[in-house]
Amino acid sequence: MNTNFLRACKGEAVDHTPIWIMRQAGRYLPDYHKVRGKVTFLELCKTPELACEVTLQPVDILGVDAAILFSDILVTPEAMGMDLEFQEKRGPVLPHPVRSQADVDKLIVPDPTDKLGYVMDTIRLLRKELAQKVPLIGFCGAPFTLATYMIEGGSSKSFFETKKMMYAAPEIYANMMDKVTDSVISYLQAQAEAGAQALQVFDSWAGALALCDFEEFALPYVKRIINALKPAGVPLIYFANNGATLLEKTKTCGADVLGLDWRVQIEEAVKIIGPDIAVQGNLDPCALLLPEDKLEKRIQRILDGAKGAKGHIFNLGHGILPETPPEKAKFVVDTVHRLTAK
Ligand code: CP3
């Protein structure tokens, strides 16, 4: 088993800098389309054999140092009782958004082994398949990011309805966030029990918040999750996308690893974060379209910039784009391994 990823999370010595890629199982891979052509996205998530198959694809094709469970952050709100659809052009749609205390009252805190049992089945299958290969990462959405989808009813640009609830009805917002947080905690605990060897909390929209709002309306819930998961004994990764302005606060969240998007210079981030937390990131997903010599220079700069951190896991600064040639993703993996081989 290649344990470089797990060792880097803990700041231990590695044979080479480990790399995995956010959204590494997905639409840029022809092999993914082959499977996805037969079922809807949610059916794919809910069929353990198929979810397992697409999770393994990037491990075999790219040679990454970790697998990430194939699923979606929005299965949590669905398990809480919300309707969820993925529409080809619009992405996720939750047709009955949460706008009132009555809507919050309708949400349940699900038993994950019941409502999300298919995820645990996928994890158990994956651990068998991955036994001699690489560790498996489980994940969830952070409460604030989940709240944006639940309140807006889908993707959003300004997050108007979410912020309106935060500012005008803070008790309703807090009641909802308590339920989301409790749901996420038991979901991650169940993932760890089923065999997930690391857990990442995706806060994709944290960067939409002013620092004071992040501190009041998002961070406390992330801290609750991380505190509750510490006893599970697996590395915890917190990724606040577009979070350069939040680093002074995110570094207090308690995670073993902080994910960094590409907008921040990694050495500047490490200066703020300090030597006691590992970092993950942070190549611009669009940089994969650079010619190979320029791409290699960008990779080297990131590797150099991360040197002051407790550990470094190479990754993109956000999900790989569907337009990316798979050979370029493979080039990044091979280059990180070659440049850092001990
Ligand atoms: O990283 C991986 O390979 C694991 C799988 C994974 C998916 N979604 C599969 C997916 C993970 C970790 C996620 C997390 C997720 N989902 C996030 C957080 C990460 C981020 O990107 O910020 C968010 C915000 C979502 C919500 C979501 N799911 C949106 C907005 C969309 C539509 C936009 C898009 O990229 O298609 C999805 C759909 C989705 N999730 C797809 C995949 C492979 C595409 C579905 C398809 O096959 O059509």
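Whatever order the structure lists ligands and atoms in, that order sets their numbers, starting from 1.
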- Take S100 and D103 through the test side-chain hydrogen bond (donor to acceptor under 3.5 Å, both in side chains) and record every step on the way to the result. CA-CA 5 Å; S100 66; D103 295 334; 3.2 Å; yes

- Salt bridge present between R224 and D182 (N-O < 4.0 angstrom): yes

- Over 12 foreign heavy atoms within 6.0 Å of CD, Q132: no

- Message: Taking K271 first and then E268, would you say they form a salt bridge - that is, a charged N and a carboxylate O separated by under 4.0 Å?
- Response: yes

- Hey, is CZ on F160 packed in by over 12 heavy atoms from elsewhere, all under 6.0 Å? no

- Under 4.0 Å from one or more heavy atoms of R36, ligand 1 contributes atoms 46 (C), 47 (O), 48 (O)

- Of all the non-hydrogen atoms in the protein, which one sits nearest to atom 23 (C) of ligand 1, and at what distance? I73 CD1, 3.4 Å

- Message: Are F144 and Y221 an aromatic pair, judged by ring center distance below 6.0 Å?
- Response: no

- Message: I'd like to know whether the aromatic ring centres of F139 and F239 sit less than 6.0 Å apart in this structure.
- Response: no

- min-distance protein heavy atom vs atom 1 (O) of ligand 1 -> R23 N, 2.7 Å

- Task: Consider every N or O of Q24 and every N or O of ligand 1, then say whether any pair is closer than 3.5 Å.
- Result: yes

- For L290 and K297, what are the C-alpha separation, side-chain angles and deciding distance, and is it a side chain to side chain contact (heavy atoms under 4.5 Å, CB included)? CA-CA 10 Å; L290 282 167; K297 285 204 183 91; over 6 Å; no

- Message: Geometry only, no angles: is Y149 polar-contacting ligand 1 at N/O separations under 3.5 Å?
- Response: no

- Message: List ligand 1 atoms under 4.0 Å from I68, heavy atoms only on the residue side.
- Response: 1 (O), 2 (C), 3 (O), 4 (C)

- With a 4.0 Å cut-off on heavy atoms, is P92 touching ligand 1? yes

- Going by distance only, is there an N or O of L69 that falls short of 3.5 Å from an N or O of ligand 1? no

- Using a heavy-atom cut-off of under 4.0 Å, does the side chain or the backbone of S71 touch ligand 1, or both, or neither? backbone

- Message: I'd like to know if F239 contacts ligand 1, where contact means a heavy-atom distance under 4.0 Å to any ligand atom.
- Response: no

- Hey, is T145 touching ligand 1 through its side chain, its backbone, both or neither, going by heavy atoms under 4.0 Å? neither

- Note on the structure: closest protein heavy atom to atom 22 (O) of ligand 1 is S204 OG, 2.4 Å

- With only distance considered, is D72 within less than 3.5 Å of ligand 1 through an N or O on each side? yes

- Nearest heavy-atom approach of D65 to N2 is OD1-ND2, 2.7 Å

- Query: Is the closest basic N to carboxylate O distance between E88 and R36 below 4.0 Å?
  - Reply: yes

- Item | Atoms in ligand 1 flagged as close to H318, the criterion being non-hydrogen separation under 4.0 Å | 20 (C), 21 (O), 22 (O)

- Item | Protein contact to atom 36 (O) of ligand 1 [nearest heavy atom, distance to 0.1 Å] | R27 NH2, 2.8 Å

- Task: Using heavy-atom distances, let me know which of Y32, W20, F41 sits nearest atom 47 (O) of ligand 1.
- Result: Y32

- Per-atom filter on ligand 1: closer than 4.0 angstrom to a heavy atom of F86 are 28 (N), 37 (C), 38 (C)

- Message: Could you identify the single nearest non-hydrogen protein atom to atom 12 (C) of ligand 1 and state the distance to 0.1 Å?
- Response: F139 CZ, 3.4 Å

- Message: Just to verify, which of I273, N241, I302 counts as forming a side chain to side chain contact (heavy atoms under 4.5 Å, CB included) with L260?
- Response: I273

